[in-house]
Structure formats: structure tokens, C-alpha cells
Amino acid sequence: MSMETYVKTRRHPALPPPGKATGLIGWMRRNLFSSAGNTITTLVCAAIIALTVPPFFNWAVLDAVWYASDGGLCRVEGAGACWAFVEAKFGQFIYGRYPAEEIWRPNLVLLLFFLNLAAVLTPRMPYKGWLAATLLFIFPMFAWGVLHGGKFGLSVVETSDWGGLLLTLVIALSGILASLPLGILLALGRRSKLPVIRTLSVLFIEFWRGVPLVTVLFMASVMLPLFLPEGVTFDLLLRAIIGVALFASAYMAEVVRGGLQAVPSGQYEAAKALGLSYWQMMGLIVLPQALRVVIPGIVNTFIGLFKDTTLVLIIGLFDFLGIIRANFTDANWASPNTAATGYVFAAFVFWMFCFAMSRYSLYMEKQLSQGERR
Amino acid sequence: MRNQAPALIFGIVFGALLVYLFLPGAPSGPARDAQDLSKAEQENLAPEAARGGTLRVVRDRGELLCGVSQGLPGFSNPDDKGDWRGIDVDVCRAMAAAIFGDASKVRFRALSAKERFTALQAGEIDVLSRNTTWTLTRDTVLGLDFAGVTYYDGQSFMVRRDLGVSSVLALDRATICANTGTTTELNAADYFRTNGLEFEMVVFEKTDEVIAAYDAGRCEAYTTDASGLYAERLKLKNPDEHIILPEVISKEPLGPAVRQGDDRWADIVRWTLYAMIEAEELGVNSANAQEMKKSDNPAIRRLLGVENSYGQNLGLRGDWAFQIITQVGNYGEIFERNVGKNTPLGIPRGLNALWTKGGLMYAMPVR
């Protein structure tokens, strides 16, 4: 009995994958309907989107009033978002009551700030230390000189006329620029072996972390003038900036302390064994590692600070959100949609800034963690 | 060798900026006040007296500091350019016109309800013109002096036009929307009980919620101060379908206040108001003031400073009232421009009409 054997000598041509596993249908089966639970979740989410997005789109785009010289059209029944309101008040939302013919001054300051910031944030920039020092020490003085004016033929623009996004950026950026170095010093102070420095740092941090920012601002605006002799006034904006900066630095200190604790003690010991001084050890060995670990925390604090600036409305400063809300009271633009439009616009602008900050922090994390990836 | 150039550049720029910032520029107002103050202390005088009162401080500063609200339609709100508009704002502009002959020499400081009195007491503002109700407590305990009434406000009711109601007394068994925990709630309850009416109160925390509930038909009437009703009405889906009932069930006289103890300054605020009302009584307005200088009416001639310079008795220029009227207007013009019939608010004069027309506006004679 002979047995014929069949040996396949050629490879069978690959069949295409089953139709249900490829293309859009396959992707949906894998990602949206892979189990009963996931199917239900998908359907519920789809229902929510179908119920909310089209009405919002109608309100924000199709029914919206894009051009109008006053709120009359926005008051018509069935009108959607009143974008004409944002358009009419746009300059005010950005610069507050800063005089129209002097607007080049805030523009110049912001442009130089972002150039300087970009230079500092670019990896492997030459003279980075000096650029950072410029940003921290020279730039604030320059910005004050140009924005407030009063010398070299620049007319004085009182800080009570600053407002809108300009004011939000001034407060937030001053707070951010001041709080990082202050926070690092406080964190080092809190871990110091010198009892006086340690106690003072702990007291400072716990005090500022223990009081709400609203209270700090109220103290600065309502209580401080009562303690000063009559007639002596202190710039309201300066008071708010100092309050915000001290408040944020306490939070920053705790974030940085978390980073310092994450650096293994072997690093400290190795640095000491090399004969490095305290500041060399911290500056060259410990802080670079500690700060890298806490970048998400630092940016988190920055974003929180940026949004907290809206609280200055309660002391009579009109930040971005504050000036939008103040304009709701303009009877020429009063309509059922004005407030909603203003809030949507404010939310979008705040989101843009915060999103940019968070994306940059992700980029920095990737750049700095290259040594850990193989 | 390390490159020293960046350090050098940094040092030079830093130094130059330090010098620039601390270079003595034009002395600012507060600093000069402080010098005056120390001089006063040397002479052992009360600061206010040594400085010739608030009027001299204001004159030296070159502008009036006026406390207004952070936004109240028709009283103080920013316009499209960001300039303040409203009745409270115009009162301050009128004062600037009376003091400097220039209505633009006024700086507005937006104050929250909480900080308004401290700001005045601490001297951060010269006059508080911020829809503040004149009450005994505020006039005495808080150390304020009210200079007059610029707007007689009071609690009122809004209902749907198709309800066919023309008086609050017809609102028996009605559902009423109001803000929670405010005096408006108590006032409404008192009023309904005194008149033997039954009602049901629906209260909300925020004004936006109240107005939304009213618009959705949760209640038949909405109650708050009349000026607020007119402003909130614009946020309804169809404002024309709603009317405001004529009854005013509480008294909210709003007016400017100054620090107690500087009577001359209070006089200036008071007579600025009276000049505006007197001008309306006499038919003098911003358009015809120049013409009216030739009038034979002695009251007009006195007001405009043609005869007898009464302004000097106030420590002002002789044409103080003329400047107020030409630059800001008489009371009627201010009312109509900010809250009147032709504005979106459309508030009728009501209690704020002249006494000759059934209202309460009455100026003491300028003579």
C-alpha cells in the first residue's frame, strides 16, 4: 500500500483579513463595540453628543448674531450667540481702558516678553542663564517703565486704566516669574538644617497656604489702607501682584519640596563626597533632577495661578473675565444671550492659554527624560 | 578664559533700568499728599484742616476720584469704548465740571459693595457715587455724609402683560419669584400680608436663576428694585410682553456720599445736584445754556453766574453751574440719556420727575 504524501512546497498566498476585521467596521468593532459594556457606553456617549452638540452648534454658529452695532438683533427671539458684543468690546477685553493711541506699549511689552520667554524655553540656547536672569530682573522693570510711563516723553497710564487680558497677563506672569524662584528658596529653606531658616520657611509656607487667596486680596485692598496714614496710597495693582506672588510661592515651595524628596540620598552623598559646596550641590546635582520630576506639578500650579487671577475682580480690578462681566451691564447690549456669549468667549481664551502651558510642559518632560529612555 | 560679555551687558542694562525707574519723574498725586501730610503733622494740625479740606486735595491732584459700582445698567457701566456711563457717573462728571470747569477730570474707581465704605473712609476716593441707599445707620455709624438723592428707587413688581393685571393688589394667590435672603423677600411678604393677600414665594440664590425661572413661567411676578427690574427685563426672551407695575413698596433713595466732617466738600456735592435739578426746573439745558445767559429771569441769571457769583460762596468759580449744565446737562437730560424712555432700559421718570410734575426732585434755591 503506497501512501501518497502531499507536501506543499509553495506558500499559500495570504488571504485578505475578513471584511469585518478591517477598515472602519473593524476599527469600530475593536474600539467601540468590543463587549456588551463597551457597546452600551458607546451608545450612551453617542446619544449625549447627538443631544448637545447640534443645539450648541446652532446657538454658536447658525443662529448667532455676527455683526450688529448694538444689542437689538441679539434681543430678537430665537437669536443665538451675540458675537457682535465680543466684537464691539474686543479692544476693551484685551487692553481694558488703556488709551487707544498708547496700545503699542502693551503690544511691545508682550512681544518682547514672548521673545524672551521663547529664548529661555528653547533647549540648548546659548547664554540661557543670562537670558533667564534678564526675564526675571530686567524685564519686569522694563515692562513697568513702558506700561506705566511717565518718563522719556511717555504719558502716564495709571494702573487703574489697565485691564482685560493685559491685566490678567501682568498679574499671572508676575506671579509666575516671582513664585518659581521664591518657591525654590522656600523649599530649600524648609529642608535646611539651620533651625531659624527652617522655622521661618515653614511658618511662611503654612501661613500663605492656610489662607484663601480671596482673603489675601481683601486684606491687601480693604485692610491695608486703614493701617497706612491717610493720604498715603499704595498702588492697588502692586498690592494684588504681591499678594498673588506670595500666595503662589507657598504652593510652589511644596511642589519643589516633593521633587527634592524624590532625589535619592545617594545623590546628595555623592555630591558631598566630591567636595561640592551646598549651593554647588543643589544647583548642579539636586535641583536639576528635582525640578525635572515635578514639571507637571509646577505647570499645574502655574495654570491654577493663571485662573486664580480672575479673583482680583473683588478688589475692583478688571481682569479679562471681570471686564467681560462688567460689560454685561451695558444696557445697549443686554440680551438673553449676551452673558452666555461672554462666558463662552472667556472660557475659550482661558483654555487656549492653559492648554498651551500644558503642551509645553509635556514637551519639556519628553526632552528632559531622554536619558531614561533606551 | 570665560566670556565676560554677557555679564557686562546684563549689568549695564540692569543698572540703567534701576536708574531710570528711580529717576525722579513728575511727582504723583499721593506722594504730594504725603508731603502735605507730614507738614501738617509738624504744625500739629489735623490733616484735613491743614490741607484745606478735600476740595484743596482734589484741586492739587488735578482730578476727582470717584467711587462707582463695578457695573449696574444705567448707573455706572462701561460703554463700547470702555468709558463709564450712567447717572452715578454723570454726578461725578458734573462735580469735575464744577470744580475744574472740565468734566473729564475725574478718575473712576470701581468698587464692590463690600469695599465701598472703607475706600471712602481710607481716602482712596473723594466721593462715593455708587447706588448707595441713604439710611440712618450709614449716615451716622459708618461715618458717612449723604449729600442728596440722585435717584428714588424702590421695590416693584414685574408681570406678564397678558396676565391683564395693572396693580399689585390684583396679584392675590400669585406665585412670586425673588432673591433669597434679601430684604426684597421680606418687603414683599410684609406688603402682601398688610393688604390681606395670599401669595406663594419662590426664591433663588442668584438673580440669573430668578429671571430664568420667571421667564420659564414658574411664577407670575418677579420682584426687586425697580431699576433692576428694567435692566433684567432686557434679558427676557421677549421683553415687550412684560410690564412693571406702578406700585413701589419700599424706599431706596440712592445718592452720593462723602466722609463725615468736611462740610464744605459735602456742600459742593449737594449743590452740584441742586444745580442740575434747578436747571431742569428753569428749563436750562446743555443746548440752550449759552442762550439762557441773556435771559431776564433772575433765577436763571443767578444760576448761570451772570448776576451775583454764588459759586464763590462754595469755593468754586462763578460759572460752576454753567459748566455743569453745558458739559454734563441738567438732571432731566442725565436721566433720559442713561435710563430714560429712549434707552433700552426705558424707565419712566415716576418719583424722579420734578416736584412740579408729580415727582420728588426739588432743588433748594440758588441764591
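Both backbone and side-chain heavy atoms feed into the values below; hydrogens, waters and symmetry mates do not. Numbered from 1 within each chain, the chains take letters A, B, ... in sequence-line order.
- Of the listed residues A/I323, A/V76, A/L313, the one with more heavy-atom pairs under 4.5 angstrom with chain B than any other is A/L313.
- Proximity to chain B (any heavy atom under 4.5 Å) is restricted, for A/L236, to the side chain, taken from C-beta onward.
- Surrounding CZ of B/R85 are more than 12 heavy atoms belonging to other residues, nucleotides or ligands, all under 6.0 Å away.
- The side-chain contact (heavy atoms from CB on, under 4.5 Å) test with A/T329 is passed by exactly one of B/S69, B/S76, B/P73: B/P73.
- Proximity to chain B is absent for every atom of A/Y95, based on heavy atoms less than 4.5 angstrom apart.
- Residue B/N342 places its CG atom among 12 or fewer non-hydrogen atoms of other residues, nucleotides or ligands, all under 6.0 Å distant.
- Between A/R239 and B/E124 a salt bridge is recorded (basic side-chain N to carboxylate O distance below 4.0 Å).
- Between chain B and the residues A/F85, A/W333, A/F328, the most heavy-atom pairs under 4.5 angstrom are made by A/W333.
- Looking only at distances, no side-chain donor or acceptor of A/E77 sits under 3.5 Å from a matching main-chain atom of B/K237.
- Taking CD from B/Q70 and CZ from A/R325, the interatomic distance works out to 8.5 Å, rounded to the nearest 0.5 Å.
- Atom CG of A/N332 sits about 8.5 Å away from atom CG of B/D79, to the nearest 0.5 Å.
- Heavy atoms of B/L72 lying under 4.5 Å from chain A belong exclusively to its backbone.
- B/R109 touches chain A through its side chain: at least one heavy atom from C-beta onward sits under 4.5 Å away, while N, CA, C and O do not.
- Proximity to chain B is limited to the side chain of A/F218, based on heavy atoms less than 4.5 angstrom apart.
- In this structure, a donor-acceptor pair under 3.5 Å is present between the side chains of A/S160 and B/R107.
- Closest heavy-atom contact between A/A331 and B/L234: O-CD1, 3.8 Å.
- Within the 4.5 Å cutoff, the side chain of A/K89 has no heavy atoms near those of the B/P78 side chain.
- Interatomic distance, CD1 of A/I315 versus CG of B/L111, reported as 11.5 Å (0.5 Å rounding).
- Looking only at heavy-atom pairs under 4.5 Å with chain A, the residue among B/A212, B/G82, B/G86 that has the most is B/G82.
- Contacts with chain B were tallied for A/T134, A/I138, A/D161; A/I138 has the most, counting heavy-atom pairs under 4.5 Å.
- When side chains are defined from C-beta on, B/D80 does not count as touching A/Q92, because their heavy atoms never get closer than 4.5 Å.
- No more than 12 heavy atoms of other residues, nucleotides or ligands sit less than 6.0 Å from atom CZ of A/F137.
- Within the 4.5 angstrom heavy-atom criterion, atoms from both the backbone and the side chain of A/R75 approach chain B.
- More than 12 heavy atoms of other residues, nucleotides or ligands lie within 6.0 Å of CZ in B/R59, so this atom counts as buried by the packing criterion.
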